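Written below as structure tokens is the structure these notes are about.
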Amino acid sequence: GYRLFVDTMLTVQREQIKKSTALLESNLTTDEGRRLLALLVAARNKYAPLLDEFAQLINANQGEQAYQLQETRINAAHADYIAAANTLIDFLNDRAKQDGEDAASEVSAATWTIIGVSAAAILLALVIALLIIRKLGSQLGGEPDYAADVAKSIAGGDLSRAVAIRPGDETSRLAAM
């Protein structure tokens, strides 16, 4: 029972480690990341056979030899494996932090670009609006409200109303009234 349990657990863990290693390998894009993963795999390849040997000694009821193996080789191999894993983890954390900072910088640059383009568009719209207002004002010969008021007076039959126009204006709607 116990032997089968240990063998099963080791098999499951090895499969999980293979999958995790393959995933890391496919996602690491830098030489340094690949180098650190290779160090982790090398440390794991030294550590895993020692675990098998340890399990065999335990299964053979050789507890003293298993203890000696653990003290003389397994603990050191485990420490190397953990150190390699921590080094890779630190590298990945640093990369993630740098990637986050790079992304934030790109977002900031894009934000300022959008603000600049929006400001230019607003300024252009204001200039166009002013040109339209000016053109309409010259065509009407005065303020739109004043021109509308004069037109209402004339439409209402009041032809005696004086119409104020700019000096020299002979082409506007107010000059025509």
Side-chain angles (χ1 to χ4, degrees), residues 1-139 144:
Y2 178 72
R3 180 178 181 184
L4 178 62
F5 173 76
V6 169
D7 289 343
T8 302
M9 288 302 295
L10 288 174
T11 302
V12 168
Q13 286 179 349
R14 284 191 179 125
E15 286 304 312
Q16 288 174 337
I17 289 169
K18 276 184 189 178
K19 287 178 184 176
S20 296
T21 301
L23 181 63
L24 276 171
E25 199 167 32
S26 68
N27 287 309
L28 288 173
T29 57
T30 65
D31 290 339
E32 180 63 9
R34 288 187 201 102
R35 184 186 72 79
L36 293 173
L37 180 60
L39 291 175
L40 177 66
V41 169
R44 174 73 185 149
N45 289 340
K46 288 179 184 176
Y47 178 60
L50 294 173
L51 291 179
D52 289 339
E53 188 178 340
F54 181 82
Q56 288 170 357
L57 290 171
I58 292 295
N59 289 335
N61 290 324
Q62 296 177 345
E64 183 58 35
Q65 290 88 343
Y67 175 77
Q68 288 302 318
L69 178 64
Q70 180 177 354
E71 290 296 312
T72 59
R73 297 175 53 205
I74 291 177
N75 288 346
H78 182 258
D80 291 345
Y81 181 49
I82 295 300
N86 286 335
T87 301
L88 181 58
I89 289 168
D90 290 344
F91 171 78
L92 293 173
N93 284 337
D94 290 344
R95 285 295 306 219
K97 181 180 176 188
Q98 184 61 48
D99 289 348
E101 289 170 359
D102 291 349
S105 177
E106 289 176 19
V107 167
S108 178
T111 300
W112 283 110
T113 300
I114 290 169
I115 289 171
V117 169
S118 297
I122 290 170
L123 183 61
L124 181 62
L126 286 174
V127 168
I128 291 172
L130 287 173
L131 290 174
I132 290 171
I133 289 170
R134 189 170 168 193
K135 180 73 173 170
L136 284 175
S138 72
Q139 286 179 348

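As the structure is a prediction and not an experimental result, all values here were calculated from the model.
- Residues that satisfy the salt bridge (Lys or Arg N to Asp or Glu O under 4.0 Å) test with Glu32, not counting sequence neighbours, are Arg35.
- Smallest separation of non-hydrogen atoms from Ala48 and Arg14: O-NH2, 3.4 Å.
- Nearest heavy-atom pair across Phe54 and Leu69 is N-CD2, 3.6 Å.
- The OG1 atom of Thr21 sits 8.5 Å away from atom CZ of Arg44, with the distance rounded to the nearest 0.5 Å.
- With hydrogens and angles ignored, the 3.5 Å screen pairs a side-chain donor or acceptor of Thr111 with a backbone N or O of Val107.
- Separating the CG atom in Leu126 from the CG atom in Leu130 is a distance of 6.5 Å, to the nearest 0.5 Å.
- Taking CG of Asp94 as the start and CG of Asp99 as the end, the distance is 11.0 Å to the nearest 0.5 Å.
- The line from NZ of Lys18 to CD of Glu15 is 4.5 Å long, rounded to the nearest 0.5 Å.
- Note that the CD1 atom of Ile17 and the CG atom of Leu40 stand 8.5 Å from one another [nearest 0.5 Å].
- In this structure a side-chain-to-backbone donor-acceptor pair under 3.5 Å is missing from Ser108 to Ala104.
- Of the inter-residue distances, the one linking Leu28 atom CG with Leu23 atom CG reads 9.0 Å to the nearest 0.5 angstrom.
- Gln98 meets the side chain to side chain donor-acceptor pair (under 3.5 Å) test with Asp102; sequence neighbours excluded.
- In this view, Lys135 satisfies the salt bridge (Lys or Arg N to Asp or Glu O under 4.0 Å) rule with no residue, not counting sequence neighbours.
- Every residue meeting the ring-ring contact (aromatic ring centres under 6.0 Å, His included) condition with Tyr47, not counting sequence neighbours, appears here in chain and number order: His78, Tyr81.
- Atom CG of Asp31 has 12 or fewer heavy atoms from other residues, nucleotides or ligands within 6.0 Å.
- For Gln68, the side chain to side chain donor-acceptor pair (under 3.5 Å) test picks out Glu64, with sequence neighbours left out.
- Under the side chain to side chain donor-acceptor pair (under 3.5 Å) criterion, Arg73 pairs with no residue, sequence neighbours left out.
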Might you work through the side chain to side chain contact (heavy atoms under 4.5 Å, CB included) test for Glu25 and Val41, ending with a clear yes or no?
CA-CA 11 Å; Glu25 199 167 32; Val41 169; over 6 Å; no

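- In terms of heavy-atom proximity, Leu88 sits nearest to Gly33 at CD1-O, 4.1 Å.
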